[in-house]
Amino acid sequence: MATVLVLNGPNLSRLGAREPEIYGRWDAERLRSAVTGWAAELGLSVQWHQSDDEAELVRLLHTAADDGTDVVINPAAFTHYSYALRDAAKQVTDAGGRLIEVHLSNPASREVFRHTSVIAGVASGTVAGFGAHSYRLALHALSDQGQDVDSIESSL
Ligand code: DQA
């Protein structure tokens, strides 16, 4: 069973309590268990991390690059300004892994500072605005079913 590293950035431990009208009512544990279950249905196993620490997220991305592990990342506020995270994310895709940026909300429809993602340019793709289902869609893209869609596209 392939492993996917699911990384969550700062403040995402506060889900449920933090702006539930934007981020939903599920707490982080509920999200982790749903994402793990969806992954299992797709034949994927999840390594889940949440950190408020940029350096720890960078280190985890280095390990993913070295191991060739695919990544789903919600960089949270780091999305908008962390060049360190961007450079680490690029190493994952440069090494041949796939990295999907996810957001619970749709940053493009929120404050202007959220309209910039410094991660998007080095990601394989981005899913935003579908709450917990953003993670599900990202996992789907990484699963065999997702690869089938890629091969259909490339044959068009
Ligand atoms: C977020 C959007 C970011 O702008 C914000 O800083 C977050 C969460 C999301 O999942 O919608 O912390 O990444």
Side-chain angles (χ1 to χ4, degrees), residues 2-42 44-65 69-95 97-143 145-146 149:
T3 297
V4 177
L5 179 64
V6 181
L7 292 182
N8 295 280
N11 298 303
L12 291 172
S13 57
R14 304 280 303 151
L15 289 177
R18 174 192 178 208
E19 300 181 271
E21 66 288 358
I22 294 176
Y23 299 118
R25 298 193 186 284
W26 285 9
D27 64 15
E29 177 50 31
R30 179 78 182 87
L31 179 64
R32 189 198 62 74
S33 100
V35 169
T36 302
W38 291 329
E41 284 169 16
L42 293 165
L44 299 169
S45 105
V46 162
Q47 246 186 303
W48 179 274
H49 292 273
Q50 187 280 324
S51 181
D52 298 333
D53 179 354
E54 188 180 24
E56 188 180 353
L57 295 168
V58 166
R59 275 193 296 274
L60 287 161
L61 288 171
H62 290 170
T63 305
T69 307
D70 288 334
V71 176
V72 171
I73 183 168
N74 184 343
F78 288 146
T79 305
H80 312 302
Y81 66 92
S82 174
Y83 297 120
L85 216 53
R86 176 196 165 98
D87 286 350
K90 185 170 188 296
Q91 291 171 57
V92 174
T93 49
D94 282 352
R98 292 167 296 170
L99 178 140
I100 304 195
E101 175 186 348
V102 298
H103 298 283
L104 295 157
S105 68
N106 179 6
S109 66
R110 300 180 59 199
E111 303 97 315
V112 169
F113 76 88
R114 296 186 203 276
H115 295 184
T116 297
S117 168
V118 301
I119 309 296
V122 298
S124 311
T126 302
V127 185
F130 301 104
H133 289 282
S134 293
Y135 290 74
R136 187 180 204 167
L137 292 165
L139 288 168
H140 202 274
L142 293 177
S143 72
Q145 288 94 321
V149 171

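Numbering of ligands and ligand atoms starts at 1, following listing order. Because the structure is predicted, anything quoted here is derived from the model rather than measured.
Nearest heavy atom pair, residue Leu85 against residue Pro75, reads CD2-CB, 3.9 Å.
Between Val102 and ligand 1, no N or O atom pair is found at a separation short of 3.5 Å. Note: no N/O pair closer than 3.5 Å links Arg110 and ligand 1 by distance alone.
Gln50 places no side-chain N or O within 3.5 Å of a backbone atom of Leu7 that could act as its donor or acceptor partner. No donor-acceptor pair closer than 3.5 Å links the side chain of Thr126 to the backbone N or O of Ala120. Judged by distance alone, with hydrogens and angles left aside, the side-chain atoms of Gln91 form a donor-acceptor pair with the main-chain N or O of Asp87 at under 3.5 Å.
The proximity of Asn74 to ligand 1, defined as any non-hydrogen pair under 4.0 Å, is limited to the side chain. At a heavy-atom distance under 4.0 Å, no atom of His115 approaches ligand 1.
Protein heavy atom in closest approach to atom 8 (C) of ligand 1: Tyr23 CE2, 3.5 Å. Closest protein heavy atom to atom 9 (C) of ligand 1: Leu104 N, 3.4 Å. Scanning the protein for heavy atoms near atom 11 (O) of ligand 1, the closest one is Ser105 OG, 2.6 Å.
Between the choices His103, Arg114, Arg14, Glu101, the shortest heavy-atom distance to atom 5 (C) of ligand 1 belongs to Arg114.
Partner of Trp48 under the side-chain contact (heavy atoms from CB on, under 4.5 Å) criterion, out of Val4, Val35, Leu5: Val35 alone.
Every atom of ligand 1 with a heavy atom of His80 under 4.0 Å away is listed here by number and element: 3 (C), 4 (O).
Side-chain contact of Ser117 with Glu101: a donor-acceptor pair under 3.5 Å is present, judged by distance alone.
In this structure, Glu111 does not count as a contact residue of ligand 1, since none of its heavy atoms falls inside 4.0 Å of the ligand.
Counting only heavy atoms from C-beta outward, the side chains of His103 and Asn74 approach each other to under 4.5 Å.
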